[in-house]
> 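Mind looking over this structure? Questions follow.
Letters A, B, ... are given to chains in the order of the sequence lines, protein chains preceding strands, and every chain is numbered from 1. Remember, it's a predicted structure, so these values are computed and weren't measured experimentally.
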Protein chains: 2
Amino acid sequence: MGTPLPRDPIADAQRNWERHGWGDVAAPMAAITAIMRTQQILLARIETVLKPFGLTFARYELLALLSFARSGALPMNKASALLQVHPTSVTNAVDRLEKAGLVARSPHPTDGRTTLIELTAEGRTLAKKATAALNSEVFGNSGFGADDVDHLIRVLGTFRRDAGDFTEE
Amino acid sequence: MGTPLPRDPIADAQRNWERHGWGDVAAPMAAITAIMRTQQILLARIETVLKPFGLTFARYELLALLSFARSGALPMNKASALLQVHPTSVTNAVDRLEKAGLVARSPHPTDGRTTLIELTAEGRTLAKKATAALNSEVFGNSGFGADDVDHLIRVLGTFRRDAGDFTEE
DNA sequence: GCAATATACTAGGACATCCAAGGGTTTGGA
DNA sequence: TCCAAACCCTTGGATGTCCTAGTATATTGC
């Protein structure tokens with residue numbers, strides 16, 4: 001990053017699109033590019049808050065998911081589905097969390113193919129602390145107004161449903 | 001990806017947040033998580049369209065940026081600033097694009113520290129084709145209504161400005 | 001019951017992003 | 001004038017994501 005630019009590069013791109021005769025898709029292009037950039041900004045903020053805890057966002061998401069599991073344990077494939085990431089990404093995250101003593105692998109009692117992941121005591125404690133930090137430093141200061149938050153949840157929810165993330169609603 | 005989930009995992013997370021007494025930040029948390037997931041979906045769509053061209057999104061963005069440059073060439077640091085990515089990411093992209101014969105490095109005429117990147121003829125042609133494909137297959141079918149597109153552009157634009165991306169109004 | 005198919009996890013590889021550090025070039029103040 | 005500070009790019013390392021392939025275990029169908 002660095003110094004702010006004098007002008008919005010995405011608005012410039014939208015003007016370039018229009019200038020080249022692609023006016024019919026210039027606005028969606030700008031919206032999509034803005035989503036990409038916003039994600040980048042938010043991820044950087046989150047990672048900054050999590051760094052003191054020795055966590056990354058991917059690892060934090062797994063800890064948070066486990067902390068809400070009724071039984072306290074989840075099969076890897078379940079975690080992969082709920083976090084909507086590739087199974088190998090979960091393997092990667094669990095490897096590192098396990099090495100840090102925050103989660104533990106255990107065999108599934110009845111299905112030999114399945115591995116359960118479970119929070120350790122330290123994992124549960126760290127998840128709580130990290131959540132508190134994120135709540136106060138990122139989510140509590142998102143930079144979005146309440147109306148915009150509601151709108152984002154609704155619009156992006158519809159988008160995700162249409163994209164095949166889930167069927168409910 | 002796999003089968004659609006029966007329920008929206010982000011809505012579930014929001015309920016979990018509320019259930020744990022973090023109701024005041026549950027909605028922003030859900031909105032931010034939805035942005036992360038939406039970015040992931042959009043990026044996957046874009047990469048799928050670009051794959052036949054041998055391009056990734058990062059490389060495409062650089063090609064597109066160069067194709068709009070008046071002089072046809074840009075300093076690396078300028079590209080880094082406009083694309084809002086780390087200089088090393090530009091180095092990485094240019095390395096691969098150069099190896100593919102799509103861009104060329106050249107020394108800056110007056111500043112020995114600076115390297116200019118310029119589209120080759122093939123690079124310019126490929127950028128055009130890739131843009132046409134993205135326009136018709138992704139941007140022209142974004143899944144967002146026109147009103148939602150306008151709203152996203154406005155809300156995310158404000159967010160990015162407040163985050164220090166640019167100063168213009 | 002046994003073979004074929006499906007499912008679960010992991011290993012290896014390609015890419016992207018960032019940070020830290022290093023080497024060359026310019027600029028600016030003493 | 002001259003040297004320190006600032007700037008530009010690259011290298012090397014850590015992480016995350018995905019894909020493909022391989023191994024092990026379950027399930028299904030004949």
Side-chain angles (χ1 to χ4, degrees), chain A residues 1-3 36-37 39-48 50-51 53-63 73-100 103 105-117, chain B residues 1-3 36-37 39-48 50-51 53-63 73-100 103 105-117:
Chain A
M1 28 163 265
T3 328
M36 312 290 270
R37 174 57 186 156
Q39 185 268 352
Q40 191 179 21
I41 293 168
L42 289 169
L43 181 59
R45 286 187 190 173
I46 290 171
E47 298 276 14
T48 298
L50 291 178
K51 198 178 194 67
F53 299 99
L55 291 175
T56 63
F57 187 47
R59 297 177 209 171
Y60 166 77
E61 279 196 299
L62 188 49
L63 287 189
L74 276 180
M76 310 252 319
N77 66 333
K78 208 83 171 180
S80 169
L82 291 172
L83 296 176
Q84 319 219 237
V85 296
H86 199 277
T88 54
S89 296
V90 176
T91 294
N92 186 327
V94 171
D95 282 350
R96 299 172 192 278
L97 287 170
E98 192 175 35
K99 199 166 299 179
V103 307
R105 280 180 167 94
S106 65
H108 190 286
T110 65
D111 189 333
R113 297 169 300 182
T114 300
T115 300
L116 296 175
I117 39 184
Chain B
M1 264 280 326
T3 328
M36 313 290 269
R37 174 57 185 156
Q39 186 267 353
Q40 190 180 22
I41 293 168
L42 289 169
L43 181 60
R45 286 188 190 171
I46 290 171
E47 299 275 15
T48 298
L50 291 178
K51 197 177 193 69
F53 299 99
L55 291 175
T56 62
F57 187 46
R59 297 177 211 170
Y60 167 76
E61 279 195 297
L62 187 50
L63 287 189
L74 276 180
M76 309 250 323
N77 65 332
K78 208 83 169 178
S80 169
L82 291 172
L83 297 176
Q84 320 217 235
V85 295
H86 200 277
T88 55
S89 296
V90 176
T91 295
N92 185 327
V94 171
D95 282 350
R96 298 171 193 278
L97 288 170
E98 191 173 36
K99 199 165 299 180
V103 308
R105 280 180 167 94
S106 65
H108 190 285
T110 64
D111 189 333
R113 298 168 298 182
T114 301
T115 299
L116 295 175
I117 40 184

> Looking for any heavy atom pair under 4.0 Å, which part of the strands does A/N92 touch: base, sugar-phosphate only, or nothing?
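Base, at least one base atom sits under 4.0 Å.
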> Can you tell me the distance, in whole Å, between the CG atom of B/D111 and the C1' atom of D/dA6?
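Roughly 12 Å, once rounded to whole Å.
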> At 4.0 Å (heavy atoms only), tell me whether A/T88 reaches a base, stays on the sugar-phosphate, or touches nothing.
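The residue A/T88 makes base contact.
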> What nucleotide, of D/dT17, C/dA8, C/dT17, holds the atom closest to the side chain of A/T114?
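Closest nucleotide among those given: C/dA8.
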> What's the CZ-C1' distance between A/R59 and D/dG16, to the nearest Å?
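Taking CZ of A/R59 and C1' of D/dG16, I get 9 Å after rounding.
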> Nearest of D/dC18, D/dG16, C/dT17 to any side-chain atom of A/V85?
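Side chain of A/V85 sits closest to D/dC18.
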> NA contact type, A/T110, heavy-atom cut-off 4.0 Å: base, sugar-phosphate, or nothing?
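If one applies the 4.0 Å heavy-atom cut-off, A/T110 turns out to touch the sugar-phosphate alone, with no base involved.
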> When the distance from CD of B/Q39 to C1' of C/dA16 is rounded to whole Å, what number comes out?
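Checked: the CD to C1' distance equals 11 Å.
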> Whole angstroms only, please: what is the CZ-P distance between A/F57 and C/dT17?
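The answer, rounded to whole Å, is 18 Å.
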> Report which part of the nucleic acid A/T91 touches: base, sugar-phosphate, or nothing (heavy-atom distance under 4.0 Å, all strands).
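Counting heavy atoms under 4.0 Å across all strands, the contact made by A/T91 includes a base.
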> Rounded to whole angstroms, how far apart are CZ on A/R37 and C1' on C/dA16?
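Going from A/R37 (CZ) to C/dA16 (C1'), I get 15 Å.
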> How long is the line joining NZ of A/K51 and C1' of C/dC18, in whole Å?
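My rounded result for the distance is 9 Å.
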> Indicate, with a heavy-atom threshold strictly under 4.0 Å, whether A/Q40 touches base, sugar-phosphate, or nothing.
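A/Q40: backbone/sugar contact only, no base atoms under 4.0 Å.
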> Take the protein atom CG of B/L62 and the nucleotide atom P of C/dT17, then report the distance between them rounded to whole Å.
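The answer, rounded to whole Å, is 10 Å.
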